[in-house]
Amino acid sequence: MLANEEVTADGRSERGDFPVYRRPMKQWMLRITAYADRLVRDLDLLEWTDAIKAQQRNWIGRSTGARVRFDTPAGPLEVFTTRPDTLFGATYMVVAPEHPLVAALTTPDQRSAVDAYVASAARRSDLERQADAKEKTGVFTGSTAINPVNGEAIPIWVADYVLMGYGTGAIMAVPAHDERDHEFARAFDLPIVQVVTGPEGTDVQAEAHVGDGVAMASANAEISLDGLAVAEAKAAITEWLEAQGLGAGTVQYKLRDWLFSRQRYWGEPFPIVYGDDGEPRALPADQLPLVLPPMDDFSPKTSDDEDSEPEPPLGRVEGWSTVELDLGDGPRPYRRELNTMPNWAGSCWYELRYLDPTNDEAFVAPENERYWMGPQFDGDCGGVDLYVGGVEHAVLHLLYARFWHKVLFDLGHVSSSEPFRRLFNQGMIQAHVYRDERGFPVPADEVVADGEGYTYQGRPVSREVGKMGKSLKNAVAPDEMCERYGADTLRLYEMFGGPLDQSRPWDTTAVVGMYRLLQRIWRLFVDEDDGTPRVSDEAPSDDTLRQLHRTIAAVRDGMETLRFNTSIARITELTNHLTATYPDGGVPRAVGEPLVLLVAPLAPHIAEELWARLGNPDSLAYQPYPEAMDDLLVDEAVELPVSINGKVRARILVPADADASVLEQTARDDPKVAALLEGATVRKVIAVPAKMVNFVVG
RNA sequence: GCCCGGGUGGCGGAACAGGCAGACGCGGGGGACUCAAAAUCCCUUGCCCGAGAGGGCGUGCGGGUUCGAUUCCCGCCCCGGGCACCA
């Protein structure tokens, strides 16, 4: 048994190239659609990137519209539309090939054509249907429907551009205002009737007008939409349809219910058994957990028989697949559910288990959940403080886990309504991929660079950037760097390369920079020759103290925004300042100790070692992270640019709190500025305290 | 096609809220120390013109707003990711 994505375009299994038969199966579904609205709405509460939020919104695909009933010879045919305002422009209808009314709608003279079309559509995989989506195909059923707003008879077609899985599997086609319907109408020469005005030059016969406009040609004896804008027209016609009992406003989602069954061994077994009557029953709590039975052969049952019933591996476990149980009404025979749950079943709630891993009474004690994940202010959704993970989980894991968590919330098991308050998607360390003339990857570590380009075994190869992996022959392990420079250097180097969310190719050339930084820090504290500590108990200078506190503030900021590269840059600056100020040792302890603590999360080993050498008996892990003193963050004097007509011409030194008039006067007093202003007309002066001065000269 | 990101020196990347573009590191150039080398330290390094002082240009491209734009607005180009007949 395979999932759709494991089947190749030519209908064979990706692994092994076996023929694949499509087969409807009875499986467990979770009603994630019931949560669709909340899953969309609560995205607003999350600190996630807009990209991921947008992906989830698109995936859920909430759209508002109306359901409308059309009368047909086979009974009422209901459609979903987001544009009920264009009802007067509906010139035909389309049902999906799988629609239950297809047979009833088909007239005898169209029977063979429709049957052939439906059969060919059934044979084609979703993939194939998508592949040639450009070409619209379809067949007339022979029947017509009555457009409820104007009583017109419009033909009903079968076409595979309408999907059974969305809406009602049937549409009203408005070719004048829908691109797909327009294409179809042109292909089969169906009428195109404009009912919404477009901009100058709009010709709906040539191209559908999908945008805004004002309703036209949309009136019957009871209602007229003419003159109304799209939104108003929608509201008006929906109200009318509801009053007439012809339809109702509704919300539709692209999101489908969650197929939760897998036909393999590995996965949580469902605690469900079936009685003689075929009805499913849940195992009572005292018979949980249900664990997988031991097995030797996990492979699924194979068969070449196209009509054989698929059977999961668990079906072969005698004495497990059928059991005798007492579910309260005496011992009876039962068949177990043989499907297992998908991996998501575990990944949807594992974060909760970390809060209370040894609890064998509940998955998490309520007080633990409240402490770690509970809401922190009114209107807060709660959840883990920071979840770092890959973007590839944007719409599967992250949506499933949110749904799961909300179910637990509704059942009262958790106080947080979202699992992951803040999400951060880390980038990937990539690698160069080298390909020969045929486009095949060649081993990256055997490629040599000449001045011009790159060659492999003397032949030129192309270079691109890609994921690391075996198939691209470009994987590199960090082990060698770790061996040579140590784990601290490796850590710093990885963090210094750029922001965490960015992907970039692995490149080792700059690693010495971080190695040098650590050595400089080390030498600040330890004498190279005899290993003795070099710090002093002197008071640091005002300048050094300010530098320290600016560093603390900046490093903290980098930590909070997960931009460790900037934290490291600020630490480097402080280190450079200290080596220059105290070339022969004697860094004041009052500066040295905070520096070591700042370094600790980034390069923990060397920091811990230095902390001990500074004479501290306990681990620095028990120390609070340094805090910046606000009054030390501002300088007493600042150097500001003076520009004339926007070009920087000089710099002036002024007190940090100097006001605009002082700035202007100081600037005017500057000899260079004075020379440039001489004889010129100053039209305007902009002086922004602590920022700059600009003279506008005419 | 639609929706999201992103484009800054030779390279990785800074610039919190429209106010000194290029922090920090790598690489390059020059120097000190050394018998020599490594290591270390110092100076220098966006591009162009100029001997110099200095001047001009510069954040993908073209416009705009503003005293002032990497930052805001409009229109393009290129790269990366997602979705893809969802009515």
Side-chain angles (χ1 to χ4, degrees), chain A residues 49-59 61-63 65 79-84 86 90 94 96 129-130 132-136 159-163 165-174 177-181 183-184 252-256 391-392 394-395 425 427 430 465 492-493 496-499 501-505 507-514 516-517 519-520 523 528 553-554 557-558 561 563 565-573 575-576 579-580 583 638-651 683-688 690-697:
Chain A
T49 60
D50 291 338
I52 297 273
K53 287 187 183 183
Q55 275 187 56
Q56 291 216 344
R57 276 195 198 95
N58 292 342
W59 192 261
R62 183 182 198 275
S63 45
V79 302
F80 171 73
T81 176
T82 55
R83 294 293 302 275
T86 62
V94 182
R129 282 203 202 178
Q130 276 169 31
D132 42 36
K134 296 269 174 287
E135 293 286 305
K136 289 277 184 293
D160 67 359
Y161 84 92
V162 172
L163 310 173
Y166 183 76
T168 62
I171 61 156
M172 64 170 207
V174 185
H177 305 289
D178 182 282
E179 279 162 11
R180 299 149 301 185
D181 297 344
E183 256 181 68
F184 192 83
Q252 194 67 47
Y253 302 95
K254 266 157 73 172
L255 182 71
R256 311 289 165 85
V391 267
E392 66 273 21
V395 288
N425 297 121
Q430 303 164 313
V465 167
L492 281 183
Y493 185 59
F496 187 67
D501 55 350
Q502 228 166 73
S503 291
R504 80 199 80 88
D507 168 29
T508 58
T509 54
V511 69
V512 286
M514 289 300 104
R516 286 176 193 155
L517 171 63
Q519 288 177 320
R520 283 150 76 95
R523 284 195 301 268
E528 266 196 295
D557 182 64
T561 56
R563 292 181 321 170
N565 54 325
T566 59
S567 291
I568 294 169
R570 298 290 87 80
I571 285 172
T572 307
E573 280 175 332
T575 303
N576 290 347
T579 44
V638 286
E639 195 188 56
L640 300 182
V642 179
S643 51
I644 293 169
N645 286 346
K647 288 195 198 304
V648 178
R649 298 297 179 183
R651 283 162 223 286
R683 299 192 181 282
K684 197 171 176 184
V685 180
I686 294 106
V688 184
K691 293 287 184 190
M692 44 66 73
V693 183
N694 185 24
F695 290 95
V696 183
V697 172

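Quick caveat: nothing in here was measured; it's all calculated off a predicted structure. Lettering of chains follows the sequences in order, A, B, ..., and the numbering in each one begins at 1.
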Please determine if a side-chain N or O atom of [X] lies less than 4.0 Å away from the OP1 or OP2 oxygen of [N].
X: A/Ser63; N: B/A87; value: yes
X: A/Gln502; N: B/G13; value: yes
X: A/Asn565; N: B/A14; value: yes
X: A/Lys647; N: B/C57; value: yes
X: A/Arg563; N: B/A15; value: yes
X: A/Arg504; N: B/C11; value: no

Report yes or no: is there a donor-acceptor pair, N or O only, under 3.5 Å between the side chain of A/Lys53 and the base of B/C4?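 Not at all, since no donor on one side and acceptor on the other fall under 3.5 Å apart.
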Do A/Arg570 and B/A23 share a donor-acceptor pair, side chain to base, under 3.5 Å?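 Indeed there is one.
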Measuring only the [atom1] atom in each nucleotide, how far is [N] from [M]? A whole number of Å is fine.
N: B/G68; M: B/C77; atom1: C1'; result: 28 Å
N: B/U59; M: B/G13; atom1: C1'; result: 13 Å
N: B/G29; M: B/G46; atom1: P; result: 16 Å
N: B/C78; M: B/C67; atom1: P; result: 35 Å

If you check the [X] side chain, which of [options] turns out closest?
X: A/Gln55; options: B/G27, B/G25, B/G82; value: B/G82
X: A/Thr81; options: B/C85, B/G68, B/A87; value: B/A87
X: A/Arg516; options: B/G19, B/A23, B/G27; value: B/G27

Do the side chain of A/Asn694 and the main chain of A/Ile686 share a donor and acceptor less than 3.5 angstrom apart? no
Rounded distance in Å - [atom1] ([X]) to [atom2] ([N]):
X: A/Tyr493; N: B/C26; atom1: OH; atom2: C1'; answer: 8 Å
X: A/Arg57; N: B/C4; atom1: CZ; atom2: P; answer: 11 Å
X: A/Phe184; N: B/A87; atom1: CZ; atom2: P; answer: 18 Å
X: A/Met692; N: B/G19; atom1: CE; atom2: C1'; answer: 5 Å
X: A/Glu528; N: B/U40; atom1: CD; atom2: P; answer: 9 Å

Taking for each residue the nucleotide of RNA chain B with the nearest heavy atom, is it A/Thr572 or A/Ser643 whose nucleotide lies nearer the 5' end? A/Ser643
Between A/Gly169 and A/Asn58, which residue's closest nucleotide on RNA chain B lies nearer the 5′ terminus?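 The 5'-side residue here is A/Asn58.
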Rounded to the nearest 0.5 Å, what separation is found between the OG1 atom of A/Thr49 and the CG atom of A/Asn425?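 One finds 5.0 Å between OG1 of A/Thr49 and CG of A/Asn425.
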Counting only heavy atoms not in A/Gln502, do more than 12 fall under 6.0 Å of its CD?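 Counting other residues, nucleotides and ligands, CD of A/Gln502 exceeds 12 neighbours.
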State the pairing partner of B/C67; accept Watson-Crick or G-U wobble contacts with both distances under 3.5 Å, and report none otherwise. B/G19
Identify the nucleotide, in any strand shown, that forms a Watson-Crick or G-U wobble pair with B/C57, with both distances under 3.5 Å; if there is none, say none.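 Looking at the geometry, B/C57 pairs with B/G46.
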Identify whether the glycosidic angle of B/G27 places it syn (within 90° of 0) or anti.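 For B/G27, whose glycosidic angle is more than 90° from 0, the conformation is anti.
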Mind telling me whether A/Tyr166 and A/Phe80 have parallel, tilted or perpendicular rings, with 30° and 60° as the class edges?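 Taking A/Tyr166 first and then A/Phe80, their aromatic rings stand perpendicular (interplane angle over 60°).
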